[in-house]
Amino acid sequence: MASVDTVLREAAAATLPGLGRALVMAGKLDQKTAEELYRKALASRSKFIAELTGSGAVSSADLAHTMSNAYAAPLLDLDAVDPQRLPKGLLDGKICLAYRVVVLRKRNNRLIVATADPSDQEAAEKIKFATQLGVDWVIAEFDKLSRMVEASSTSATEAMDHIIGEDFEFDEASMEAQAPDSGETTSAEVDDAPVVKFLHKMLLDAFSMRASDLHFEPYEHHYRVRFRIDGELREIASPPIAIKDKLASRIKVISRLDIAEKRVPQDGRMKLKIGPDRVIDFRVSTLPTLFGEKIVIRILDPSSAKLGVDALGYEPEEKERLLKAIERPYGMILVTGPTGSGKTVSLYTCLNLLNKPGVNIATAEDPSEINLPGVNQVNVNEKAGLTFAAALKSFLRQDPDIIMVGEIRDLETADIAIKAAQTGHLVLSTLHTNDAPTTLTRMRNMGIAPFNIASSVILITAQRLARRLCVNCKAPADIPAETLVEAGLREEDIDGSWTPYRPVGCSMCNNGYKGRVGIYQVMPISEPLQRIILADGSALEIAEQAQREGVRSLRQSGLHKVRLGLTSLEEVLAVTNE
């Protein structure tokens, strides 16, 4: 006869989903916590299991062992499974993504499917209906399962098994690929090819998933496609290796590149038309590797330059310093940071504010990434002799008001840019340095005289991009005070008036993050800083003076974003160095 405690526990758990009931019955979760998590899941329209593991109430490993015992199902460690060897095409990727399941194999008329929640009858019925096969559950840890599903289950992956010899749906009216400066679509014969349609679908998927880059990578025995989403590369698909040459040739055709040339890198552009009035630009780069050409396509969305300064994530005092600098009639403004840190978007946002009918703006880039009407844009072509320095010399003969140089790479370019800034022009440019103070010493090392630096540079902005926490699923993080102090926060800042958050993960985000937020160090060149530069001071002296003037370092700026709940501490530690 069942004990009174067991009977009461069964009655209380009856209102919970099967997963919650099993955990309460096993004594792994108390009734009150289970009900609170279930209400949260209903309110946020997320899965109960995601809320459960994200809250930390039950670990993924503990949950898997409990479910294995409760449902007498085998337990599998997905770390021991090679995703490349899993069967393809047995189940729609959308179902795998929605219910967090992975098909392990087919045996007779049944599917062996990995899940973290064997109580999910809806998932079982959906799989049965879609495949007309029975389902045998194998239990896996939820976090490992989620990673594997996201890496292998997308609409692009579903097309892989059909890319040679078969076709799939494609709405030709919704988009078209075309080369720059060409209004003609490609021929109907080419458009009918499955490889062409697959490429179009990949580009559209990348745009819809807010990816910044697509990587097409050939290896000896396999081929993979990865998207960079919110700064992280995610494997999206593994097409048959036999298509690598066809895919590379198609990309080269619409990017106006030499199809026959496979021995040297090439750069080009192409466009994707989405609807009647939306066109997205892509920058294409090819690179010969051991087993074929790796191709990286960067998505260039012109609308990103029109979002405004507020959308970039500047704090009020940083925004005020930047706007004050770009309103100056002459001088040099430098934006620094690594590749992919958003320097171009920041520069074009400033240019968009300055772009008025009475202003002559000229830019020299390698290549121009964002098209901005009203701005005279020049692509640098070093083979033809059109270097940054040559373009700058030409600009100065055309009565410019504002000049933007894509990057200062050498002394000649720097020298002309500085002279332009000293003779009544506003010059904007980028440099690859770690932070704002080291930019000044980097220019000194290039051979620029301290007097020229002090008299021309008016502001330097260093920046990074950190992943933004998903507002739907972020949860408070229990971080010890000593860890926060070690990260760079002052003891007086840890006063309990704010809460650090951590990523959780839900159906609306990417492992707890959605989008990115800028971290900035905005350093105006004041008179005390000019004196340090003239005295050939070190980057450390410049940084100390900037701190006294209220300029946050990149780490301090990132920690401020943590205090605001916009990003996590681990993300700030990863993207800043101090």
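Everything quoted here is computed from the prediction, not taken from an experiment.
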Check your understanding: For atom CD of E261, is the number of surrounding heavy atoms from other residues, nucleotides or ligands below 6.0 Å larger than 12?
Key -> yes
Practice item. Could you check if a side-chain atom of L322 sits within less than 4.5 angstrom of a side-chain atom of L459, using non-hydrogen atoms only? Key: yes
Could you list the donor-acceptor pairs under 3.5 angstrom formed between side-chain atoms of residues 293-300 and any protein atom two or more places apart in sequence or on another chain?
{"unit_1": "E293", "atom_1": "OE1", "unit_2": "K252", "atom_2": "NZ", "d": "2.8"}
{"unit_1": "E293", "atom_1": "OE2", "unit_2": "K252", "atom_2": "NZ", "d": "3.0"}
{"unit_1": "K294", "atom_1": "NZ", "unit_2": "H215", "atom_2": "ND1", "d": "3.4"}
{"unit_1": "K294", "atom_1": "NZ", "unit_2": "E217", "atom_2": "OE2", "d": "3.2"}
{"unit_1": "R298", "atom_1": "NE", "unit_2": "D213", "atom_2": "OD2", "d": "3.0"}

Revision key, fill the gap. Heavy atoms of P450 and D536 approach each other most closely as CG-OD1, 4.4 Å
Point to revise | Donor-acceptor contact present, side-chain R555 to main-chain T576, <3.5 Å | key: yes
Review point. Step by step, would you call I251 with L199 a side-chain contact (heavy atoms from CB on, under 4.5 Å)?
Key: CA-CA 8 Å; I251 293 171; L199 173 61; 3.7 Å; yes
**Study point:** Flag side-chain contact, heavy atom, 4.5 Å: L372 against N355
**Key:** yes
Check your understanding: Is there a donor in the side chain of Q547 and an acceptor in the side chain of Q556, or the other way round, less than 3.5 Å apart?
Key -> yes
Review point. Under 3.5 Å, side chain of S394 to main-chain N/O of A390, donor-acceptor pair present?
Key: no
Point to revise | Residue of the set T461, L428, V335 for which side chain to side chain contact (heavy atoms under 4.5 Å, CB included) holds with C350 | key: L428
Exercise for review: Could you tell me which non-hydrogen atom of L529 sits nearest to which non-hydrogen atom of A546, and how far apart they are?
Suggested key: CD2-N, 4.3 Å
Review point. Any donor and acceptor pair, going by atom type alone, linking the side chain of T430 with main-chain N or O of G406 inside 3.5 Å?
Key: yes
Check your understanding: Are the side chain of S557 and the backbone of S553 linked by a donor-acceptor contact shorter than 3.5 Å?
Key -> no
Check your understanding: Side chains of I525 and I533: does their closest heavy-atom pair fall under 4.5 Å?
Key -> yes
Check your understanding: Taking all non-hydrogen atoms of both residues, which atom of A539 and which atom of P437 are closest, and how far apart?
Key -> O-CB, 3.6 Å
Point to revise | Over-ring placement of K474 relative to Y501, 6.0 Å and 45° cut-offs | key: yes
Check your understanding: Do the side chain of S368 and the main chain of E365 share a donor and acceptor less than 3.5 angstrom apart?
Key -> no
Review point. With a 4.5 Å limit on heavy-atom distance, are the side chains of Q422 and S455 in contact?
Key: yes
Exercise for review: Check the pair L564 / E315 against side-chain contact (heavy atoms from CB on, under 4.5 Å), numbers first and verdict last.
Suggested key: CA-CA 11 Å; L564 295 174; E315 294 302 317; 3.7 Å; yes
**Study point:** Distance (rounded to the nearest 0.5 Å) between N434 CG and R442 CZ
**Key:** 11.0 Å
Exercise for review: Scan residues 342-357 for pairs that pass salt bridge (charged side-chain N to carboxylate O under 4.0 Å, His left out), counting only residues two or more places apart or in two chains.
Suggested key: none
Check your understanding: Which heavy atom of A389 sits nearest a heavy atom of T413, and at what distance?
Key -> N-OG1, 3.7 Å
Review point. Is the closest side-chain heavy-atom distance between K319 and V522 below 4.5 Å?
Key: no
Review point. Between the side chain of N376 and the main-chain N/O of I361, is any donor-acceptor distance below 3.5 Å?
Key: yes
Check your understanding: Does a donor on one side chain sit under 3.5 Å from an acceptor on the other, for Q545 and E541?
Key -> no
Review point. About how many Å separate OG of S456 and CD1 of I333, when rounded to the nearest 0.5 Å?
Key: 11.5 Å
Review point. Are D366 and R409 close enough for a salt bridge, meaning some N to O gap below 4.0 Å?
Key: yes
Study note, to complete from the structure: On a heavy-atom basis, the closest approach of S255 and M270 is OG-SD, 3.8 Å
**Study point:** Min side-chain heavy-atom separation F395-V378 under 4.5 Å
**Key:** yes
**Study point:** R516, R210, R467 screened by salt bridge (charged side-chain N to carboxylate O under 4.0 Å, His left out) with D230, the one that passes
**Key:** R210
Study note, to complete from the structure: Between the OG atom in S526 and the CD1 atom in I458, the distance rounded to the nearest 0.5 Å is 13.0 Å
Practice item. Verify salt bridge (charged side-chain N to carboxylate O under 4.0 Å, His left out) between E549 and R321, making sure each step is shown before the conclusion. Key: CA-CA 12 Å; E549 294 177 8; R321 290 174 191 152; over 6 Å; no
Check your understanding: Is R548 atom CZ crowded by more than 12 heavy atoms from other residues, nucleotides or ligands, each under 6.0 Å away?
Key -> yes
Check your understanding: Is the backbone N or O of D399 less than 3.5 Å from a side-chain atom of N360, with the two atoms forming a donor-acceptor pair by type?
Key -> yes
Study note, to complete from the structure: CE of M443 to CD1 of I453, rounded to nearest 0.5 Å, is 5.0 Å
Exercise for review: Evaluate side-chain contact (heavy atoms from CB on, under 4.5 Å) for R552 paired with H560, printing each intermediate quantity in order.
Suggested key: CA-CA 9 Å; R552 291 193 186 104; H560 185 65; 3.8 Å; yes
Exercise for review: Look at the side chain of H432 and the backbone N and O of P338, then say whether any donor-acceptor pair between them is shorter than 3.5 Å.
Suggested key: no
Practice item. Determine, stepwise, if the pair V359 / I402 fulfils side-chain contact (heavy atoms from CB on, under 4.5 Å). Key: CA-CA 8 Å; V359 179; I402 298 165; 3.6 Å; yes
Exercise for review: Side-chain contact test, heavy atoms from C-beta onward, threshold under 4.5 Å: evaluate it for R464 versus Y520 and give yes or no.
Suggested key: no
Residues 475-483 side chain polar contacts: donor-acceptor under 3.5 Å, at least two apart:
none

Check your understanding: Do any N or O atoms from the side chain of W498 and from the backbone of D493 form a donor-acceptor pair under 3.5 angstrom?
Key -> yes
Review point. Could you state the interatomic distance from OH (Y314) to OG1 (T349), rounded to the nearest 0.5 Å?
Key: 8.0 Å
Review point. Is the backbone N or O of P265 less than 3.5 Å from a side-chain atom of T286, with the two atoms forming a donor-acceptor pair by type?
Key: no
Exercise for review: Determine the minimum heavy-atom distance between K561 and G313, stating which atoms define it.
Suggested key: NZ-O, 3.2 Å
Practice item. Quick one: pull up OG1 in T438 and CZ in R444 and give me the separation to the nearest 0.5 Å. Key: 16.0 Å
Practice item. Would you mind reporting whether F388 and I416 have side-chain heavy atoms less than 4.5 Å apart? Key: no
Point to revise | No-hydrogen, no-angle side-chain donor-acceptor test under 3.5 Å, T336 and Q463 | key: no
